[in-house]
Enquirer: 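Okay, handing you the structure first.
Protein chains get the first letters and strands the later ones, always in sequence-line order, with residue 1 at the start of each.
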Amino acid sequence: MSGTYLGLPAFPEAARTSTKDAQLRANLTHATHTIRAKRAGAVGELADWQGLRAAGAAIKDHTLRHLDTYLEQLEAAVTAAGGTVHWAVDAADANRIVTELVRATGETEVVKVKSMATQEIGLNDHLRVEGISAYETDLAELIVQLGDDRPSHILVPAIHKNRSQIRDIFRTAMGEWGRPAPDGLSDTPADLAEAARLHLREKFLRAKVGISGANFMVAETGTMVVVESEGNGRMCLTLPETLISVVGIEKVVPTFRDLEVFLQTLPRSSTAERMNPYTSMWTGTTDGDGPRTFHLVLLDNGRTDTLADTEGRPALRCIRCSACLNVCPVYERAGGHAYGSAYPGPIGAILTPQLRGTADALDASLPYASSLCGACYDVCPVAIDIPSILVHLRERVAQGGEVVTAGRRTTIKPAKGHAAERAAMRAALVTLDHPVAWRATQYLAARTRRLHPRRLPTPAGRAWTDRRDLPQVPAGSFRDWWREHEKERAGRTGAPARDTGEKGGAQ
Amino acid sequence: MRVALFVTCVNDLLYPDTGRAVVTLLERLGVEVDFPSAQSCCGQPQFNTGYRHQTEPLVRRYADAFAPYDYVVTPSGSCAAMVRDNYPKIARKAAAEGRDDGLSQAAAAAAPKTYELTEFLVDVLKVTDVGAYFPHTVTYHPSCHGLRMLGLGDRPRRLLEAVRGLELRELEGAEECCGFGGTFAVKNPDVSVAMGEDKVRHALDSGASVLCGADNSCLMHLGGILRRDDAPMRAVHLAEILASTQEQPFTPAVSGAVR
Amino acid sequence: MTGSSSRTEVLRRIRAALGDRPEDVPVPRDYLQEHGDRTPQETADLLAEHLADYRAHVHRAAPADIAGTVARLLADHGSRTAVVPPGLPQEWLSQVAGVEVTTAGADITARELDAIDSVVTGCAVAIAETGTIVLDGSPDQGVRRITLVPDHHVCVVRAPEQVVAAVPQALPRLDPARPLTWISGPSATSDIELDRVEGVHGPRTLDVVLVSAAV
């Protein structure tokens, strides 16, 4: 993926810093709690929510099952409607294609609609190196771009900033990029939105090239769908002469009718609205209305590797609503940057290690960045069982095994740093699968109970005891008590004590 | 009916009072409960950390240990969910890898008869008033696996509401994870503790003197924070509250561990 | 990679990835076609309620009052200029006074539109449950940019014939070959603290004239 994310620390180290950032914690708690209750209300309005959820999951699974067919159908439909379709195996491929397309227009500026796919491939950085300025036009993306920051949320990339921080960024940086912030700009959201409107209006009117992603692509008709709120999407999709859309291959759906499911589930899951303010649909090009030239760049970049994993492939159902981020207690406290990719939160923890692999320490740490509480699975509008995929990816990290990387089947070794854990797990198994050893462990623990310190010196021990006391080890185990209980009961009732001997050794 | 207690490895070693409370409670309700000693651990720590293969012997051990019984009752939603949700998955994956070794039979036998304590009380014994007396203010934390994987719903709450003398206090953000998460607690200690501290703060804000839960792993984490802070609140397993009566208050005799 | 080899490679990877021949999944379509059982009148009321929820201004009018309502809305907004699509019924503008009205041809530019205060259009369909109006570029709606750049949009919706209850009923009425714009309230953003505020790039004022005989 993008160079932006290279060399970042593993999740636990990043979270060590972010959990102590009181401002960040307050911003995230406020924002995620605001949206949680609203989402529950919006979803609660639909009595058939579980039916829509099941249909959404099935549409995606069916599409993935026939992905080659639907992509070829899409390509034919887009082409017939006057568009041009390009295929990109990876980020470098996609960046090169987009650069060439922009070059061909003779322009050095582009306006952009917020797009996860172009974040993922680091398109803006690539274009800058090639001498092309890409202006983000979504309010949150603008905040991130002006603040020289990284996005930390799928829907609201600047969720880690509160209103006064945003005002400061606007005051400082808007002038360097174009029209400066109005004098005496306040920190009310309405004034901040107005400042963005004024700043970007000139860019929209001037732009000759727009770059977007898409939420859905309809195979049967070649129709592209972009779901948004501000109208910046409509500006970028209709005013420029050339439109380039970079879209992950998993965003295709078979039929126009299939949108009836996602246009109900996506807005309610995402912004907790019955419907988002603007949804644009276009098919190829239309005379006199919108861009004269339309290019669609279909992006793989690890998606086919994900598809090859029978346990992990449901991650490709994701419609990027970000409901899982908003309910995630880990995301709320660690913040989005700790996930080190364009995809933070629970979905990022299963998507990033599949798209990028688990060779990097950060990527190998992501499957463990969850308490497996399951709140994400509950809210997912396409029913991705995120906890199960997390456990599956932990297995890949801890044990290695067969994976597909860049289209090639290969066997990977366990990730670094798991050898001690593996040995401990083996030792634990020996104990737990041998009653005599298990009894001996209990006996030893009880006999040494007064020696147990409140704080442990080993790394794993410190991880527990830095902020938590250890439980006090009791004088005897439950088994000890049970034996006495059985004797007592036998005495009381005259019945023979039941067999509580240590039968059943290891099989 | 033949009923066995699956006490869980954590309770066996660290929280024997909880096991004792389950036995006391069930016997009081007229259920003869047995404790097959071949049991050990359900395998969840291994499974959830990525060592699925190492859980396979424990799946077979569990099935064998409890083979003679109609019901297996456990005072842990998390361990019950491991058996019910994950044992069949483990068997399916092993079969896909070409080594079933009796796992699918073991999982199929073990999963349907395993009940978390409150399910067994409400669904099988059909009681919510277990005759308990516990004159304290209590707030209840629903642990995630019981809440979301088992769907325990309001069963624990109905049981607590029927306890005489008990005053139940609302817990803000009750359904949010406490941050234990098994090995998550040590692999991501900063986030784990941040979650736990928020949970503890909400529990203290409830004004209760007892933080009740149905999973001692979560209570070990929350109790560890409470004790480190010398907070005026005890973490107590639900079973110990339900075991307590006016005549025989349940007093932690063996350990006093979750204190 | 070159264009054609990337295409070949992506398709090869997909086919290899599906080597396990996963079971095909039937799509369960047992979700509802609409939520609730309403008369056309109630459906129109729900549309009005949901449009207003997201800060669109709804004005109920009898067919004979369309022209008066449109004229009043332009006056109330203080508009001096307005743009209309070529197929807008002439009578809708018959009472407009003191407003310079431009009929948008296909050549109207965004810069020209940026100097115009208001736009008046019809619509293709409206969805009550979601408070949505859909434009499809028909002659009474025009090209997409005319409803985007001006800051004030007056949209005339005819009930009951243009109003459906729910999203699944709207799609069959639309032609995906046309450019479609779904509008639910004025431009808005949730980008600051995930709290919704109205008014960013699209029209900040959306006036919906909901026409029905039974006003």
Side-chain angles (χ1 to χ4, degrees), chain A residues 11-12 15-16 19-20 329-330 333-334 368-375 377-378 388 391 394-399 421-422 425-426 428-429 432-433 435 438 441-442 445 460 463-464 466-482 485 498 500-504 506-507, chain B residues 7 9 11-16 19-20 23 34-35 37-38 40-41 45-54 57-58 60-61 64-65 89 144-145 148-149 176-177 179-182 184-196 220-221 223-225 227-228 254-259:
Chain A
F11 187 86
R16 186 164 305 142
T19 49
K20 288 171 185 57
V330 175
R333 289 168 183 85
Y368 294 95
S370 167
S371 64
L372 304 180
C373 83
Y377 181 24
D378 271 8
S388 287
V391 169
R394 288 176 185 190
E395 188 179 324
R396 180 185 289 181
V397 170
Q399 310 263 44
E421 180 180 271
R422 219 163 28 252
M425 286 290 176
R426 268 199 212 105
L429 178 62
L432 292 168
D433 201 27
W438 179 223
T441 303
Q442 295 184 344
W464 182 274
D466 271 357
R467 278 292 298 127
R468 290 167 286 211
D469 274 13
L470 285 168
Q472 292 158 354
V473 175
S477 68
F478 174 78
R479 274 163 214 265
D480 296 334
W481 175 82
W482 176 261
H485 175 73
R498 281 171 292 192
T500 57
E502 304 300 355
K503 66 180 178 189
Q507 296 121 30
Chain B
V7 76
C9 60
N11 290 328
D12 193 0
L13 182 64
L14 295 173
Y15 301 106
R20 193 163 65 87
V23 173
D34 199 1
F35 176 77
S37 63
S40 67
C41 170
Q46 294 85 343
F47 181 76
N48 278 353
T49 312
Y51 299 90
R52 171 170 55 88
H53 295 168
Q54 298 196 29
L58 298 173
R60 284 190 289 267
R61 166 166 293 278
D64 287 348
K89 264 189 227 169
C144 301
H145 291 171
R148 299 195 181 86
M149 291 173 81
E176 190 169 305
C177 178
F180 171 67
F184 174 76
V186 288
K187 282 180 179 284
N188 278 286
D190 296 280
V191 181
S192 169
V193 167
M195 290 162 69
M220 174 169 73
H221 163 69
I225 294 171
R227 288 198 301 140
R228 177 61 58 89
V254 183
S255 61
V258 190
R259 293 294 177 270

Enquirer: Using modelled atom types only, decide if a donor and an acceptor are shared between the side chain of A:Asp433 and the backbone of B:Arg61 within a distance under 3.5 Å.
Expert: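 A pair under 3.5 Å: no.
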Enquirer: Under 4.5 Å from any heavy atom of chain B, what part of A:Val397 do you find: side chain, backbone, both or neither?
Expert: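 Neither part.
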Enquirer: With sequence neighbours excluded, tell me which residues meet side-chain contact (heavy atoms from CB on, under 4.5 Å) with B:Lys89.
Expert: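 Partners of B:Lys89 under the side-chain contact (heavy atoms from CB on, under 4.5 Å) test: A:Asp385, A:Ser388, B:Asn86, B:Arg92.
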Enquirer: Please name the pair of heavy atoms, one in A:Leu432 and one in B:Ser40, separated by the smallest distance, quoted to 0.1 Å.
Expert: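 Nearest pair, atom of A:Leu432 first, then B:Ser40: O-OG, 2.5 Å.
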Enquirer: Nearest heavy-atom pair of A:Pro12 and B:Asp190: which atoms, and what distance?
Expert: O-OD2, 4.4 Å
Enquirer: Just how far is it from atom CD of B:Gln46 to atom CD of A:Glu421, taken to the nearest 0.5 Å?
Expert: 10.5 Å
Enquirer: Once you round to the nearest 0.5 Å, how far does CE of B:Met195 lie from OG1 of A:Thr19?
Expert: 12.0 Å
Enquirer: When only pairs under 4.5 Å are counted, which of B:Gly181, B:Cys144, B:Gly224 shares the most heavy-atom pairs with chain A?
Expert: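 It is B:Gly224.
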Enquirer: Checking B:Gln54 against chain A: side chain, backbone, both or neither under 4.5 Å from a heavy atom?
Expert: both
Enquirer: With a 4.5 angstrom heavy-atom cut-off, which part of B:Val7 approaches chain A: side chain, backbone, both or neither?
Expert: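 It is the side chain, since no backbone atom gets that close.
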Enquirer: In terms of heavy-atom pairs under 4.5 Å, which option from A:Arg16, A:Arg396, A:Lys20 contacts chain B the most?
Expert: A:Arg16
Enquirer: If you take all heavy atoms of B:Pro57 and A:Leu429, which pair is closest and at what distance?
Expert: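 Reported closest heavy-atom pair: CG-CD2, 4.0 Å.
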Enquirer: With rounding to the nearest 0.5 Å, note down the distance linking CZ in A:Phe478 to CG in B:Asn11.
Expert: 9.0 Å
Enquirer: Please tell me if the side chains of B:Pro16 and A:Asp480 come closer than 4.5 Å, counting only heavy atoms from C-beta onward.
Expert: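 Counting from C-beta outward, B:Pro16 and A:Asp480 never come under 4.5 Å.
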Enquirer: Counting only heavy atoms closer than 4.5 Å, note whether A:Arg333 contacts chain B via side chain, backbone, both or neither.
Expert: side chain
Enquirer: Could you state the interatomic distance from OH (A:Tyr368) to NZ (B:Lys187), rounded to the nearest 0.5 Å?
Expert: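 Reported value, rounded in 0.5 Å steps: 5.0 Å.
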Enquirer: Using modelled atom types and a 3.5 Å cut-off, is there a donor and acceptor pairing between side-chain atoms of A:Arg468 and backbone atoms of B:Gly223?
Expert: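 Such a contact is absent between A:Arg468 side chain and B:Gly223 backbone.
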Enquirer: Which atom names give the shortest non-hydrogen contact between A:Ala398 and B:Thr49, and what distance separates them?
Expert: CB-O, 4.1 Å
Enquirer: Quick one: which of B:Phe180, B:Phe47, B:Tyr51, B:Phe184 has the most heavy-atom pairs under 4.5 Å with chain A, could you say?
Expert: B:Tyr51
Enquirer: Can you confirm whether B:Asn48 sits close enough to A:Leu372 that some side-chain heavy atom of one is under 4.5 Å from a side-chain heavy atom of the other?
Expert: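 With C-beta onward as the side chain, the pair touches.
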Enquirer: Atom OG in A:Ser371, atom NE2 in B:His221: separation rounded to 0.5 Å?
Expert: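 It comes to 9.0 Å.
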Enquirer: At a 4.5 Å cut-off on heavy atoms, which part of A:Ala445 comes close to chain B: side chain, backbone, both, or neither?
Expert: side chain
Enquirer: Could you check whether any side-chain N or O of B:Asp12 sits under 3.5 Å from a backbone N or O of A:Arg479, counting only pairs where one atom can act as donor and the other as acceptor?
Expert: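 Yes; judged by distance alone, with no hydrogens or angles, the pair exists.
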Enquirer: Less than 4.5 Å apart, side chain to side chain, heavy atoms only: is that true for A:Trp438 and B:Cys41?
Expert: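 Side chain of A:Trp438 against side chain of B:Cys41, heavy atoms only: no contact under 4.5 Å found.
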Enquirer: Supply the atom-to-atom distance A:Gln472 CD to B:Leu14 CG, rounded to the nearest 0.5 angstrom.
Expert: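 It is 10.5 Å, given to the nearest 0.5 Å.
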Enquirer: For the candidates A:Ala375, A:Ala369, A:Ala15, which exhibits the highest count of non-hydrogen atom pairs separated by less than 4.5 Å from chain B?
Expert: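 Between A:Ala375, A:Ala369, A:Ala15, the count favours A:Ala375.
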